[in-house]
Colleague: 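Shown below is the structure under consideration.
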Amino acid sequence: MLEFQNVTISRDNRKILDNLNIEIEEGLILGLLGADDAAKTMLLEAASGGQQPDSGQILLENESIYQEKTEAYLCFGYMPKEYGFYELLRVEEYFELFLSLYKINGRYRQKRMEEIFSLFQLEKYRNCFISEIPTEIRPFLCLAKTILHDPKWLLLDEPFADLNITYRSEMIRILLILQEQGKSIILNSPMFPDLIDFITNVAILENGKVATEGKTDAIYENALKKSPVRMHVLAGMEEALMVLKKNTLVDRVTVDGMDVIFHFNGGEKEEAELLNDLVLSGALIQNYLRDRVNIEKIFRR
């Protein structure tokens with residue numbers, strides 16, 4: 001388990017992390033969400049060993065990652081927003097450099113490099129200078145370098161930045177393979193629709209703290225309840241309003257022409273029952289749609 005205990009980190013007289021607490025179980029794919037980009041990036045940097053807290057502790061399996069003579073950094077692979085490539089190196093030379101920095105030698109060194117080339121399908125770029133690598137391939141090259149030493153925890157800051165849906169799907173495929181290999185993943189990313197089933201847990205950061213955290217589906221359902229419903233009524237407006245008035249899960253009902261806008265605080269089962277009651281009342285409903293604005297405020301930066 002990775003734990004942040006009352007972690008505070010300040011920069012330029014501003015608290016980036018403010019007495020932050022969170023426990024992250026092994027095996028999760030945790031998405032860091034919310035508008036507080038500085039806090040999300042700082043959390044990843046601090047976990048990687050690159051930003052020691054002003055106060056509080058960061059523990060891995062109950063041991064501080066900042067204690068003297070620790071090799072906790074070997075447990076983490078950190079992929080920053082800025083890749084920092086050595087443009088004049090060939091890809092194979094780039095991998096060789098980092099393998100040597102992690103003191104990975106002998107037969108395993110070559111074996112590990114071949115595993116990486118295969119997993120990321122980078123074989124055709126092996127002898128290319130990094131300056132020649134296409135823009136859309138660079139995030140994969142950076143992630144490949146990040147896992148060369150086979151870390152248990154991956155800390156990824158904006159791994160999907162500038163990737164279209166095709167390359168995003170490829171990145172998800174690789175990360176799922178890595179999770180199956182036993183790696184735990186923490187990533188800072190907007191919540192694209194195709195990530196909802198990929199990210200197992202979310203933590204929403206606001207003002208340097210964890211505002212809420214939990215399973216992705218539970219947080220999503222809670223956000224959905226906060227999003228207003230817009231329902232277009234072709235006929236039977238009075239009947240529809242009567243049904244809404246009687247339902248204890250409905251509040252803040254307003255009428256806009258032939259549209260009814262309201263908040264519904266139930267889950268999918270209760271929503272289906274409400275729709276059934278509306279139909280049985282004789283109301284003729286053309287559209288019943290959730291306003292996604294509030295959801296995107298939570299699941300996007």
Colleague: Going through the checks in order, is the side-chain contact (heavy atoms from CB on, under 4.5 Å) test met by Leu274 and Phe264?
Modeller: CA-CA 10 Å; Leu274 173 62; Phe264 186 72; 3.7 Å; yes
Colleague: Does one side chain, of Asn6 or Asn21, offer a donor that lies under 3.5 Å from an acceptor on the other?
Modeller: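 The criterion, which ignores hydrogens and geometry beyond distance, is satisfied for Asn21 and Asn6.
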Colleague: Identify whether NZ of Lys or CZ of Arg in Arg126 sits under 6.0 Å from the centre of the six-membered ring of Phe117 and within 45° of that ring's axis.
Modeller: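 Yes, Arg126 sits over the ring of Phe117.
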Colleague: Backbone N or O of Ser55 within a donor-acceptor pair of the Thr8 side chain at under 3.5 Å?
Modeller: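 Flag not set: sc Thr8 to bb Ser55 has no pair under 3.5 Å.
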Colleague: Decide whether a cation-pi geometry holds between Arg138 and Tyr83; the criteria are a distance under 6.0 Å from NZ or CZ to the six-membered ring centre and an angle within 45° of the ring axis.
Modeller: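 Geometry flag: not set, cation outside 6.0 Å or 45°.
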Colleague: Do any N or O atoms from the side chain of Asp18 and from the backbone of Lys209 form a donor-acceptor pair under 3.5 angstrom?
Modeller: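 No: the side chain of Asp18 does not pair with the backbone of Lys209.
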Colleague: Is Leu234 isolated, or which residues cluster with it under the ILVMFWY side-chain rule of less than 4.5 Å, directly or via members?
Modeller: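 Cluster partners of Leu234: Met258, Leu284.
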Colleague: Taking the six-membered ring for Trp, are Phe192 and Phe160 parallel (under 30°), tilted (30 to 60°) or perpendicular (over 60°)?
Modeller: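 Judged by the thresholds at 30° and 60°, the geometry between Phe192 and Phe160 is perpendicular.
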Colleague: Can you see whether Phe129 has Arg90 sitting over its ring - NZ or CZ less than 6.0 Å from the centre and within 45° of the normal?
Modeller: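 Checked: cation-pi criterion met.
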Colleague: Looking just at side-chain N and O atoms, do Asp157 and Thr41 make a donor-acceptor pair shorter than 3.5 Å?
Modeller: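 Indeed, the side chains of Asp157 and Thr41 share at least one donor-acceptor pair under 3.5 Å.
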Colleague: For Glu170 and Arg173, what are the C-alpha separation, side-chain angles and deciding distance, and is it a salt bridge (charged side-chain N to carboxylate O under 4.0 Å, His left out)?
Modeller: CA-CA 5 Å; Glu170 177 61 14; Arg173 181 191 72 82; 2.7 Å; yes
Colleague: Is it true that Tyr86 and Glu93 share a donor-acceptor pair across their side chains at a distance under 3.5 Å?
Modeller: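 Side-chain D/A pair, Glu93 to Tyr86: absent.
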Colleague: Say whether, by atom type as modelled, one donor and one acceptor occur between the side chain of Ser118 and the main chain of Glu114 under 3.5 angstrom.
Modeller: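 Not confirmed, Ser118 side chain does not pair with Glu114 backbone.
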Colleague: Output every pair passing salt bridge (Lys or Arg N to Asp or Glu O under 4.0 Å) with a member in residues 19-31, not counting sequence neighbours, ordered by first then second residue.
Modeller: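 Counting only pairs at least two positions apart or across chains, no salt bridge (Lys or Arg N to Asp or Glu O under 4.0 Å) contact touches residues 19-31.
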Colleague: If you count the non-hydrogen atoms of other residues, nucleotides and ligands that lie under 6.0 Å from CG in Leu101, is the total more than 12?
Modeller: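 Result for CG/Leu101: enclosed.
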Colleague: I want to check something: taking the side chain as every heavy atom from C-beta on, are Asn127 and Glu92 in contact at a cut-off of under 4.5 Å?
Modeller: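 With C-beta onward as the side chain, the pair touches.
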Colleague: Do you see a donor-acceptor pair shorter than 3.5 Å between the side chains of His232 and Asp259?
Modeller: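 Distance-only check passes for His232 and Asp259.
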Colleague: State which residue, out of Gln110, Lys111, His149, Met113, fulfils the side-chain contact (heavy atoms from CB on, under 4.5 Å) condition with Ile104.
Modeller: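 One option only clears the test, and that one is His149.
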